[in-house]
Student: 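I'd like to ask some things about the structure below.
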Amino acid sequence: MNVAAFLFDLKQDVAAIRPLAKHFRDLGGLELHFLVSTQFRKRDSDGVWFAELQDIAQQLGAVLVDVDTVFDVVAALNRRCGLLISASESELGAHAFCHQVFLAAPAGFTRVTLQHGLECIGFNHNDAHDTAFGHRIGMACDIAASWFPIERLHSVRSDQRAKILTVGPLVALSHPPVIERPWPWPAHAAPLHGLICENLHSVRFGAGAKIEFVEVLGRFADAIAATGGTAELRPHPAGRYSEKNKVALPKNVRFNRAPLYKQALEKFTFGISAPSSVLLDMVWAGIPTAVWASADGNIDIGIYEGLQVVSSLDDWLTFAEAATKDPAPFMAAQRQYLASLFGGQDLPGSYRQLYDLAVQART
């Protein structure tokens, strides 16, 4: 039986790869192998994401293999064929292990790099990516599985363009987007309960922006506490800025560390995030969603155009109260936002092309 081998090196790879692994399991006819690097285990110092991998592997019947070197991966794939898949492969230093593995992969494997976010190295950069890493970064894959058609990708190097295969966002494999918000209680009685997300470790945020976000969050929490409002703060699984910097949370705010796919997201009456692909997850789940922008306007939020934008404390309060009272206008805007991003793409049918390549592979 041919193999779909998924390579895990960064903690965020788990949430990115999970829906595709489940999709392949549901289609049948492939062995699933999870190749987990030593660096993944070191980065996951509390073992949370490795435990997730173990749980997912058990659910899907996947073989879980620890790998320390490129040679370990090659040995694990020896005399097999199929797909070798990574959600963090490029010439960028942070992606070095997966990149080296792809360069050494056995000939029987088609190498697939997944676009893992709205803004993704090698596919779509924001301004800060360009400043920090350069405008064009290559990949060693045979197929760059993109969320968007090539004309919507502005960071693909000319020698990489032939690799692009448009497959749509990975979240589409889990469920269709929620485009209407059911409301089980009278609007006047609905308590504010928000999901606040930060990825302040990102190169796009300078020291001033980090301080600004944390300060407005604290003032916002104090303001909504007066009416019984609450929130959950979700640090980026890899960066964990608010945890590592010991950000003191108000009494009506708690950390939210659980994977999004294990949560009932309809409990949130609104969502606010610094620019991050978690915004798409919230929109897809049907949460009235706003993107935070710094007061100086220096943070690139271009790909989030169409979502509500909040900056000041008044912006946060006005949005949270309006979204909780009547989500319908925000849901309508979010339907338009999704249409502007993905249009009439065949989602998730395009991922079947990858599956067919795996099934048909020959050593």
Student: Check this for me: does any side-chain nitrogen of one of K262 and D55 sit under 4.0 Å from a carboxylate oxygen of the other?
Tutor: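 Salt bridge present between K262 and D55.
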Student: Do you see a donor-acceptor pair shorter than 3.5 Å between the side chains of H193 and T230?
Tutor: yes
Student: Hey, does I85 have a side-chain heavy atom less than 4.5 Å from the side chain of L354?
Tutor: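 SC-SC contact between L354 and I85 ruled out.
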Student: Can L83 and Y355 be said to form a side-chain contact (heavy atoms from CB on, under 4.5 Å), step by step?
Tutor: CA-CA 8 Å; L83 295 182; Y355 169 82; over 6 Å; no
Student: So, for A274 and L279, which heavy atoms are closest and what is the spacing to 0.1 Å?
Tutor: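 For A274 and L279, the tightest heavy-atom pair comes out as O-CD1, 3.9 Å.
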Student: Is the CD atom of Q59 crowded by more than 12 outside heavy atoms at less than 6.0 Å?
Tutor: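 Enclosed.
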Student: Is it the case that one hydrophobic cluster holds both F24 and V65, taking links as side-chain heavy atoms less than 4.5 Å apart, direct or via other members?
Tutor: no
Student: Would you mind reporting whether D9 and R43 have side-chain heavy atoms less than 4.5 Å apart?
Tutor: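 Yes. Closest side-chain heavy atoms under 4.5 Å.
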Student: Do Y337 and Q308 pair up side chain to side chain, a donor and an acceptor below 3.5 Å, judged on atom types alone?
Tutor: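 Not at all, the side chains of Y337 and Q308 share no donor-acceptor pair under 3.5 Å.
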Student: I'd like to check N78 versus V74 (side-chain heavy atoms, cut-off strictly below 4.5 Å). Are they in contact?
Tutor: no
Student: How long is the gap from NE2 on H175 to CG on L173, to the nearest 0.5 Å?
Tutor: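 Result: 11.0 Å between the selected atoms.
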Student: Return the CH2 to OG distance between W292 and S273, rounded to the nearest 0.5 Å.
Tutor: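 Result: 10.0 Å between the selected atoms.
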Student: About how many Å separate CZ of R157 and OG of S90, when rounded to the nearest 0.5 Å?
Tutor: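 One finds 10.0 Å between OG of S90 and CZ of R157.
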Student: Between Y261 and I56, is any pair of side-chain heavy atoms under 4.5 Å apart?
Tutor: yes
Student: Shared ILVMFWY cluster between L92 and L10, side chains joined below 4.5 angstrom?
Tutor: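 No, L92 and L10 fall in different hydrophobic clusters.
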Student: Under a 4.0 Å N-O cut-off, is there an ion pair linking D46 with R240?
Tutor: yes
Student: Hey, is CZ on F71 packed in by over 12 heavy atoms from elsewhere, all under 6.0 Å?
Tutor: no
Student: Rounded to the nearest 0.5 Å, what separation is found between the CD atom of E212 and the CD1 atom of I299?
Tutor: 7.0 Å
Student: Side-chain contact test, heavy atoms from C-beta onward, threshold under 4.5 Å: evaluate it for V216 versus D315 and give yes or no.
Tutor: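 They are not in side-chain contact.
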Student: Determine whether the side chains of S294 and D296 contain a donor N or O and an acceptor N or O closer than 3.5 Å.
Tutor: yes
Student: Apply ring-ring contact (aromatic ring centres under 6.0 Å, His included) to residues F319 and F330 and explain how you reach the verdict.
Tutor: CA-CA 10 Å; F319 165 70; F330 302 98; 5.2 Å; yes
Student: Same cluster for L77 and F6 if Ile/Leu/Val/Met/Phe/Trp/Tyr side chains link at under 4.5 Å?
Tutor: no
Student: Would you call R80 and E31 a salt bridge, using N to O less than 4.0 angstrom?
Tutor: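 Yes, charged N to carboxylate O under 4.0 Å.
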Student: Give, for atom CG of D72 and atom OG1 of T38, the distance between the pair rounded to the nearest 0.5 Å.
Tutor: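 Spacing of CG (D72) from OG1 (T38) equals 7.5 Å.
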Student: Do L118 and L341 have side chains that get closer than 4.5 Å, going by heavy atoms?
Tutor: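 With C-beta onward as the side chain, the pair touches.
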Student: Show the nearest heavy-atom pair for residues T69 and F97, with the distance to one decimal.
Tutor: C-CE1, 3.8 Å
Student: Within the structure provided, determine whether H154 and F148 are in side-chain contact (heavy-atom separation under 4.5 Å).
Tutor: no
Student: Check the hydrophobic clustering (I, L, V, M, F, W, Y; side-chain heavy atoms under 4.5 Å; chains of links allowed) and say if L7 and W49 are grouped together.
Tutor: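 Shared cluster, no.
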Student: Evaluate the side-chain proximity of N256 to Q263: yes if any heavy-atom separation is below 4.5 Å, no if none is.
Tutor: yes
Student: Do L35 and I17 land in one hydrophobic cluster if side-chain heavy atoms of ILVMFWY residues count as linked below 4.5 Å?
Tutor: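 Per the 4.5 Å side-chain linkage, L35 and I17 are not co-clustered.
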Student: Using only heavy-atom distances, determine whether the side chains of D142 and T110 contain a donor-acceptor pair under 3.5 Å.
Tutor: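 No, no side-chain donor-acceptor contact under 3.5 Å.
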Student: Can you tell me how far the CD atom of E198 sits from the CD1 atom of I272, to the nearest 0.5 Å?
Tutor: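 That separation rounds to 14.0 Å.
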